[in-house]
Amino acid sequence: MNTLAKRLLLVATLCLPLTANLVQAQHREVIDNSIYNDVPFEMPKVQQPSFPALSVNIKDFGAKGDGVTLNTQAINDAIKEVNSKGGGTVVIPEGLWLSGPIELLSNVNLYTERNSLVLFTDDFDAYPIISTSFEGLETRRCQSPIWARNAENIAITGYGAFDGAGDSWRPVKKEKLTASQWSKLVKSGGVLDEAKKIWYPTAGSLKGALACKNFNNPEGIETDEEWNEIKPWLRPVLLNIVKSKKVLLEGVTFKNSPSWCLHPLSCEDITINNVKVFNPWYSQNGDALDMESCKNALIINNIFDAGDDAICIKSGKDEDGRRRGEPCQNVLVKNNVVLHGHGGFVVGSEMSGGVKNIYVADCTFLGTDVGLRFKSTRGRGGVVENIFINNINMINIPNEPLLFDLFYGGKAPDELTEADKNRKPALMPVTIETPAFRNIHISNVTCKGAGRAMFFNGLPEMPIQNVTVKDVVITDAAEGAVISQADGVTLENIHIQAAKGATVELKSAKNIKVEGVFYKEIDAKGKSINKK
């Protein structure tokens, strides 16, 4: 080789890492620091991951994008290779890639090119049963299709889509389908419950459901054999990232999860940016995002369409959550659109480790069952505080645009039987199991089309405390606002157009200020005891 050829080869070699790095940079969005400008508490800037220039393609490890070949080993081998060399990017190119569980490792960016689709297999045997946390409790579930544990500096980016084959796992309620859809589903196989109102994909799934008394976590299942019998019921979340730092999800689409879709747990410095999540509206437990016990997080510029809650903040359930003791804190939720779901933005009901320092702004909810939803119940414990919400637009909310329900899953004070209505709601002792919601500030909310405009439903022994709601317009509502079991609520510049009933009804409340009128105490029948 002559001298000129050697020099050209050297130049080309030196340029390769730089070129790869520039290609990666083109596909990474820069987080504009101006998003922190209006945050009403001290919010540290969320650290972003960065990756060396090394890049490999899963096809080089034997992957085939034909929708038939199972690529689990090829994809994981590529990730392990990049991780072992100090980090870089694993490229999933255009194609239909069938796979089992994918484990993200430190310093790896899983980059998906345009028109790439990863379809996770519906073979239950591909997902081992593991010890994990689900619905805030320590339990067992099947391994998630995408998962990471104790990783740092990881990302899933690009333009591709991940499909969790959720229809093969999920039970379906008859009431959520048309007659023809239900008939077709039943004829496809599976089993029905005794009332013939819920379809299960397998007998094992039904057996698992029957073992559940506390939400979806089975009880009385002890041996490995018993767990394996109900394996189809142990539906995994599509993406589960636990105890990891500097995590980025950006640009990609996640859909059709067996249960919850995105579940970061006990993570620090996590960004979810420009992501799309789609779960069928009928999907049981089909939450879009459950951010649990995370610290320093951005949830920005996303689209969520869910079968359950859309953007949900959690921190564990009951004793398990209190023992973990990790609040979800320092979270910025901005510029998101929710197309469907039980709640647009939600706190709870698993909030036993606490939730604090949350800022929600510039979000749109289209047809969610509830808009802003705060929920818990006796036994949870935990404190939810310093929540700031501003500039929310909603339409077609069949229930409440704003809901505080501290009797989630139980009988509320206004749901007593006729024989009980003259009795004062029972006071329970305030203990570590008593949840508290306080210091919550909501402003600039517009909603057209609603059921009840607002509902505050605190506990008699622990009312909802120090809540301000200002500059709110709710039109075409079926009913007005009801404020019950609250202490220190201010309603300012509130315009409610309700078809029936009072615009605002107060009962079992104290220190309430409505449009400048202060009520020291309101009894259970709505009678003012003291008014200034």
Do [X] and [Y] have a side chain donor and acceptor closer than 3.5 Å?
X: T157; Y: N109; answer: yes
X: D369; Y: N399; answer: no
X: N390; Y: S443; answer: yes
X: E250; Y: N273; answer: yes
X: D471; Y: N493; answer: yes
X: N466; Y: N439; answer: yes
X: H342; Y: D308; answer: yes

Can you check side-chain contact (heavy atoms from CB on, under 4.5 Å) on F365 and L372, steps first, answer last?
-> CA-CA 9 Å; F365 306 148; L372 303 168; 3.8 Å; yes

Keeping [X] on the side-chain end and [Y] on the backbone end, is there a donor-acceptor pair under 3.5 Å?
X: S106; Y: E152; result: yes
X: D269; Y: Q47; result: yes
X: Q48; Y: V46; result: yes
X: N357; Y: F41; result: no
X: T132; Y: R141; result: no
X: N336; Y: I299; result: yes
X: S352; Y: G321; result: no
X: N279; Y: N256; result: yes
X: T431; Y: E433; result: yes
X: Y111; Y: A155; result: no

Test item: [X] and [Y] side chains (from C-beta on) under 4.5 Å apart, heavy atoms:
X: R235; Y: N285; result: yes
X: Q284; Y: N216; result: no
X: D287; Y: V346; result: no
X: I474; Y: I397; result: no
X: C142; Y: F124; result: no
X: D405; Y: R373; result: no
X: P264; Y: V247; result: no
X: N302; Y: L289; result: no

Of the non-hydrogen atoms in [X] and [Y], which two are nearest, and what is the gap between them?
X: R140; Y: L234; value: O-CD2, 3.7 Å
X: D122; Y: A165; value: CB-CB, 4.2 Å
X: G344; Y: A310; value: O-CB, 3.6 Å
X: Y159; Y: R114; value: CE2-NH2, 3.2 Å
X: N107; Y: I154; value: N-CG2, 4.2 Å

Ring geometry between W260 and F134 (parallel below 30°, tilted from 30 to 60°, perpendicular above 60°) = tilted

Look at the rings of F437 and F374 and say which category their plane angle falls in: under 30° parallel, 30 to 60° tilted, over 60° perpendicular.
-> perpendicular

In this structure, OG1 of T72 is separated from CD1 of I102 (nearest 0.5 Å) by 7.5 Å

Can you tell me how far the OG atom of S144 sits from the NE2 atom of H263, to the nearest 0.5 Å?
-> 9.0 Å

SB check E385 R438 (cutoff 4.0 Å) | yes

Apply the test side-chain contact (heavy atoms from CB on, under 4.5 Å) to residues V338 and I311: give CA-CA distance (whole Å), side-chain angles for both, the deciding distance (0.1 Å), then the verdict.
-> CA-CA 8 Å; V338 179; I311 306 168; 4.1 Å; yes

side-chain contact (heavy atoms from CB on, under 4.5 Å) assessment of L402 paired with V445 | CA-CA 10 Å; L402 173 55; V445 175; over 6 Å; no

Which of K314, K356, K243, K295 passes salt bridge (charged side-chain N to carboxylate O under 4.0 Å, His left out) with E326? Answer is K243

Scan D305, D167, D163 and name whichever one has a salt bridge (charged side-chain N to carboxylate O under 4.0 Å, His left out) with K255.
-> D163

For the ring pair F120 and W169, is the centre-to-centre distance below 6.0 Å?
-> no

Determine, for Y408 and K375, whether the Lys NZ or Arg CZ falls below 6.0 Å from the six-membered ring centre while staying within 45 degrees of the axis.
-> yes

